Amino acid sequence: MARMTGAQMVLDGLQREGVDTIFGYPGGVVLPLYDTLPQFPGIRHILVRHEQSAAHMADGYARASGRMGTCLGTSGPGATNLVTGICTSWMDSTPVFALTGNVARSLLGRDGFQEADITGITHSITKHNYLVMRPEEIPLTVREAAHICRTGRPGPVLVDIPKDVFQETAEYDWPEQINLRGYKPTVDGHAGMIRRAAELIDQAERPIIIAGHGVIWSDAQAALVELAEKAGIPVITTFLGIGGFPESHPLSYGWLGMHGMFYANMAADKADLVIGVGMRFDDRAMGRFKDFNPGVKIVHIDIDPAEIGKNFPVAVPIVGSAENVLPRLAEQVKETKHPQWVRWIDQQREEHPSLYIRESRRMLPQYVVRTLYEETNGDANIVTGVGQHQMWAGQHYFYKRPRQLITSGGLGTMGFELPAAIGAQVACPETETWAICGDGGFQMTLQEMAVLVDEGLPVKIAIFNNGYLGMVRQWQHLFYDKNLVAVAMTQPDFVKLADAYGIRGLRVETKAEVASAIREARTYKGPMLIDFQIDQEENVWPMVPAGAALSETIEAPAEELAR
Amino acid sequence: MNTAVNGVVKDRAGHHTVVAIVEDKPGVLMRVSSLFRRRGFNIESLTVGHSEAEGLSRMTIVVDGTSAPIDQVEKQLYKLIDVVKVTDLSQEDMVARELAMIKVRCNNVNRHELLDIANVFRADVVDIATNSIILQVVGDEDKIDGLVKMCEPYGIRELSRTGRIAMVRGTKTTTVHDPEPERIRQFHASQGRRVEGELPFSSD
Ligand SMILES: Cc1cc2nc3c(=O)[nH]c(=O)nc-3n(C[C@H](O)[C@H](O)[C@H](O)COP(=O)(O)OP(=O)(O)OC[C@H]3O[C@@H](n4cnc5c(N)ncnc54)[C@H](O)[C@@H]3O)c2cc1C
Ligand SMILES: Cc1ncc(C[n+]2csc(CCOP(=O)(O)OP(=O)(O)O)c2C)c(N)n1
Ligand SMILES: [Mg+2]
């Protein structure tokens, strides 16, 4: 045991928990922490340009690496700026450790300068949070918070520390053991339930697996492949489950949902058994609940008991971690195939090839994504914003690995793209990383280009410039009688902006230049921005209109295909 | 809120009596109530107090089960780190009680009537003044509703009800047998305490 300041304890604790990077922004109350940072050369601090980005970077870092991401903000506005990012990781269950400073203890509760009740504010968007009132409490708090953050169903935690607690000294005593009476995640999966699930799978004529984000968090891709192959079950994923099953696999049928593949939606709707793994039956994935595949039996494997039965009645609930449950299930199911069922889905795919890109002289966004896929051999990490470009990035790039697509699904946070890509690039310095940005969303966090320069990160920025808040324009076009209100935007010169930040920029105005621009960006060592001036009017298809059932999936109307 | 049939307390249709054993820490009540609010679970009553175990509080929550499936309420409660154990007492044979204080208008003429009523309900008189009286009554909600109704014609000046607390009959308990290690107990005991002190000259 040694005497240490609170600030030293925080940094030492984080380091013991494996933290090597903090995305942060300073301010008065965290100055003691910043003052201490140089004593911890093992921790790289990345100075962001807005705290929201710090939280997104930590999130991108976590999603790309599977490790906990860490962000830091000062009290008051620093802390509240983190909120959107924390909520983004809350909705998608990613392990982010948010650290904030607060005003000195004697000022707490008295509306001190830059005081914000950040623990109160984040109660409903963190897995747990702490206000630490004594330095002695720091080691246990850091240990507990990190444990809660990355075990069970991962999720963000927040630790708020008053300024004078950073400064005070106390005996440092790192707890080897923790015991949280109220937190004991079930990870094993009940043997009897696994048995029953195996029976249902053996009896099923039209089984389908829907793999979600949980498969990725539990690194269960191999086990999933084993189960699918042995029992001959076709696999579709949720949007966040993309990469949980290799899309090149013969049993892969893409992803389902509002903008999922027609045949994936039909397969989910016509199956007699749905095996949901690490997914939460979200409404964007399942369409109108009431009319989802009447009569289907559901086996639900999820680490969070509260997800089971939340939206659909479940025939066999299995509470446990996918990487533990799937191999045991694979062991118990009979080896079989479902040729008729698979043929039926294949036929759907032939008749409704949702991913076909029509010949066109225009620079179709689908074409840009597909070309990027081809040029990068499908190996790049893809990070997206929210909107049409996000859907095209999910549809027209084909993913092989877990963690390859990084995207905000549950909260749908525009502005996620660039900072999350930065976090992902920090976590995986060797992996080619592309930020696929909306021209709208990019402008919410574009200032982080400065971080690319500061840190020498070779992120490639592809702006899908349609001059619109495209996804909203699509809705106004389809559901509000083409009454376009507040969606057209005059865009700045993105290339000049890049230039102003010291980043190489390139404008691409014709289809013919797409491939060569991508090649140029790939051979260029540093960060680079490409402004793809894509076709402005293109809509995302297929589509399950809001409130409709999966069986009501609409494909691209003929007049749009004729454009 | 409940009807006693043959001495066995049953919840009103759709109502559930849920007991949550929670860590005795600042903010835990807010965590629980904010969970109910954001999930749209309606609370009929919620009471908190110490339990038999040091460091653990006991919350008794009467939930309107028509606002949410009760297993969702339980599972969502379990997701809170500070919630250690959740039991739906409605599945059990339970004893449920509430305490109420009723300040009733009265004068020398009708005070006797009120005392008679109190007697019937086995309510205690805990304060008496020239033109008011405070009755204290313990019982299930129906009994309290009954007394309140009888007092109404006299004029109720103030009414305060505690909300329900409940226990399972017999030897069965809803307690937790997982004592906190001393070190962690100390830590928890100290968490969140306000440090008294002078305002510093300036803040930054
Ligand atoms: C514009 C837009 C359009 C969208 N369109 C679609 C669409 O068409 N289709 C679609 O699917 N989504 C779509 N989404 C995303 C959608 O909103 C949800 O985010 C997504 O469906 C959630 O996927 P999920 O359930 O797999 O992941 P999450 O929401 O991250 O849930 C993960 C689940 O896995 C569980 N889990 C975690 N760890 C483990 C483990 N170790 N073992 C087992 N289980 C575990 C968790 O408890 C949780 O239940 C869209 C989003 C946007 C912004
Ligand atoms: C922070 C935030 N504000 C608003 C929205 C609502 N919204 C969803 S998609 C979208 C349009 C996105 O436009 P852009 O980034 O240009 O992408 P595009 O759809 O054009 O590809 C909007 C405004 C959101 N998801 N996030
Ligand atoms: Mg746009």
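In this text the structure is predicted, and so the values were computed from the model without any measurement.
The part of A/Asp304 that comes within reach of chain B is its side chain, from C-beta onward, which places non-hydrogen atoms under 4.5 angstrom from that chain.
The distance from the OG atom of A/Ser124 to the CE atom of B/Met30 is 8.0 Å, given to the nearest 0.5 Å.
Heavy-atom pairs under 4.5 Å with chain A peak, among B/Gln76, B/Lys85, B/Lys79, at B/Lys79. Contacts with chain A were tallied for B/Ile81, B/Leu35, B/Asp82; B/Ile81 has the most, counting heavy-atom pairs under 4.5 Å. Between chain B and the residues A/Asn129, A/Thr119, A/Thr74, the most heavy-atom pairs under 4.5 angstrom are made by A/Asn129.
Within a 6.0 Å radius of NZ in B/Lys143, other residues, nucleotides and ligands contribute more than 12 heavy atoms. Heavy atoms from other residues, nucleotides or ligands lying under 6.0 Å from CZ of B/Arg38 number more than 12. B/Met167 CE: 12 or fewer foreign heavy atoms inside a 6.0 Å radius. Counting non-hydrogen atoms of neighbouring residues, nucleotides and ligands closer than 6.0 angstrom, the CD atom of B/Glu158 reaches no more than 12 such neighbours. Other residues, nucleotides and ligands place no more than 12 heavy atoms under 6.0 Å from the CD1 atom of B/Ile165. When the shell of 6.0 Å around CE of B/Met59 is examined, it contains more than 12 heavy atoms from other residues, nucleotides or ligands.
Of all non-hydrogen atoms in A/Pro305 and B/Lys75, the two that sit nearest each other are O-NZ, 3.1 Å.
For A/Arg16, the salt bridge (Lys or Arg N to Asp or Glu O under 4.0 Å) criterion is met by A/Asp12, not counting sequence neighbours. Residues passing the side chain to side chain donor-acceptor pair (under 3.5 Å) test with A/Ser93 are A/Arg153, sequence neighbours excluded.
Listed by first then second residue, pairs satisfying salt bridge (charged side-chain N to carboxylate O under 4.0 Å, His left out) with a partner in residues 86-95 of chain A read A/Arg63-A/Asp92, not counting sequence neighbours.
Interface with chain B: from residues 308-321 of chain A, residues A/Ile308, A/Lys310 qualify, criterion being any non-hydrogen pair under 4.5 Å.
In this structure, B/Gln72 contributes its side chain and A/Ala306 its backbone to a donor-acceptor pair below 3.5 Å.
Inter-residue side-chain proximity for A/Arg181 and B/Ile21 is flagged as unmet; no heavy-atom pair is nearer than 4.5 Å.
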